[in-house]
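These figures come from a predicted structure and were not determined experimentally.
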Amino acid sequence: MIDHTLLKPDATKEEIIKLCDEAREFNFASVCVNPCWVETCFNNLKDSDVKVCTVIGFPLGANHTNTKLLETETAIADGAEEIDMVINIGQLKSGNYEYVLNEISRIAHLTKNNLAVLKVIIETCLLTDEEKIIASIISKEAGADFVKTSTGFSKGGATLFDVSLMKYSVENKIKVKASGGVRSREDALKMIAAGASRIGTSSGVKIIRGESGSAAY
């Protein structure tokens, strides 16, 4: 259930390879890395069950839709099987729901045609509860496979309330990923109990070992 995550800008190839080795050892669902490392991870993990996940429009979500589409195409060509895209937060908060729906729909069409999974990061810490509900419903209607709480790079991460609210909003039609601040086994189990089907964390190894991590993501 863990997406083993390393998204810091100064991550080195050595650290990315270590991430892959750990994901294989602990049978994590995926490694989640920045797009430039997708091919490296794919080549490292192609003989395993671990998927390669990458982020699109990260971390602000404010890229042009065409840019996000090209990022997604490139990532899939490089071997990504899971795509975590950041919603256009400003357009959502402006009430331009058609823009948000269209963008997610186009990316969902692309991922489905390539048998990839799409997770939509709504960045809950920047939204009102009403906006969290709207973003979750739009993501479901647009054809996403998951809604995800956070990038881990804004002012807050996953909360039990937000996970529960998102789970309720999508009516069990799609799944919920909790990310940002999940650092211990206790944190992870609480998020799962609240409705999360996937956990995004850089503390995956420590969680499995019953320890606590210190990284923000």
Exercise: identify the closest heavy-atom pair between Ser150 and Thr124: OG-OG1, 3.8 Å
Rounding to 0.5 Å, atoms CZ (Arg24) and CG (Asn27) come to a distance of 11.0 Å
In short, Arg185 meets Ile207 closest at the heavy-atom pair CB-O, 3.6 Å
Return the OG to CD1 distance between Ser169 and Ile137, rounded to the nearest 0.5 Å. 5.5 Å
Full working for side chain to side chain contact (heavy atoms under 4.5 Å, CB included) between Leu60 and Val86: CA-CA 7 Å; Leu60 302 179; Val86 186; over 6 Å; no
Once the angle between the rings of Phe28 and His4 is folded into 0 to 90°, is it parallel (under 30°), tilted (30 to 60°) or perpendicular (over 60°)? tilted
Treating Lys148 as the side-chain partner and Arg198 as the backbone partner, does any N or O pair qualify as donor plus acceptor under 3.5 Å? no
Show the nearest heavy-atom pair for residues Ile104 and Ser139, with the distance to one decimal. CD1-OG, 3.9 Å
Which pair of non-hydrogen atoms, one from Cys41 and one from Ile16, has the smallest distance, and what is that distance? SG-CG2, 3.5 Å
Closest approach of Met191 to Val182 (non-hydrogen atoms, all atoms of both residues): CG-CG2, 4.2 Å
Steps toward salt bridge (charged side-chain N to carboxylate O under 4.0 Å, His left out) verdict (Lys177, Glu82): CA-CA 12 Å; Lys177 175 177 172 179; Glu82 300 199 353; over 6 Å; no
To the nearest 0.5 Å, how far apart are OG1 in Thr111 and CD1 in Ile107? 8.5 Å
So how far is it from Leu19 CG to Thr5 OG1, rounded to the nearest 0.5 Å? 7.5 Å
Quick check for you: to the nearest 0.5 Å, what is the distance between Thr151 atom OG1 and Ile121 atom CD1? 6.5 Å
For Ile138 and Leu92, run side chain to side chain contact (heavy atoms under 4.5 Å, CB included): C-alpha distance rounded to whole Å, both residues' side-chain angles, the deciding distance at 0.1 Å, then the answer. CA-CA 10 Å; Ile138 289 174; Leu92 178 77; 4.2 Å; yes
In Å and rounded to the nearest 0.5 Å, what is the NZ to CG distance from Lys13 to Asn44? 9.5 Å
Asn172: partners by side chain to side chain contact (heavy atoms under 4.5 Å, CB included), with sequence neighbours left out: Lys167
For atom NZ of Lys18, decide whether the heavy atoms of other residues, nucleotides or ligands shown that lie under 6.0 angstrom number more than 12. no
With a sphere of 6.0 Å drawn around CD of Glu186, does it hold more than 12 non-hydrogen atoms of other residues, nucleotides or ligands? no
So does Lys140 have more than 12 non-hydrogen atoms from other groups sitting under 6.0 Å from NZ? yes
Determine whether Asp187 and Lys190 satisfy the following criterion, salt bridge (charged side-chain N to carboxylate O under 4.0 Å, His left out), listing intermediate values before the conclusion. CA-CA 5 Å; Asp187 289 342; Lys190 285 180 179 178; 5.8 Å; no
Go through the steps for Glu25 and Val50 under the test side chain to side chain contact (heavy atoms under 4.5 Å, CB included), then give the verdict. CA-CA 10 Å; Glu25 178 183 353; Val50 180; over 6 Å; no
When you measure from the side chain of Ser203 to the backbone N and O of Lys206, does any donor-acceptor pair fall under 3.5 Å? no
Over 12 foreign heavy atoms within 6.0 Å of CG, Asn43: yes
Decide side chain to side chain contact (heavy atoms under 4.5 Å, CB included) for Phe146 and Val176; before the verdict, give the C-alpha distance in whole Å, the side-chain angles of both, and the deciding distance to 0.1 Å. CA-CA 5 Å; Phe146 281 77; Val176 177; 5.8 Å; no
Where is the tightest heavy-atom contact between Asp84 and Lys119, given as atom of each residue plus distance? OD1-NZ, 3.0 Å
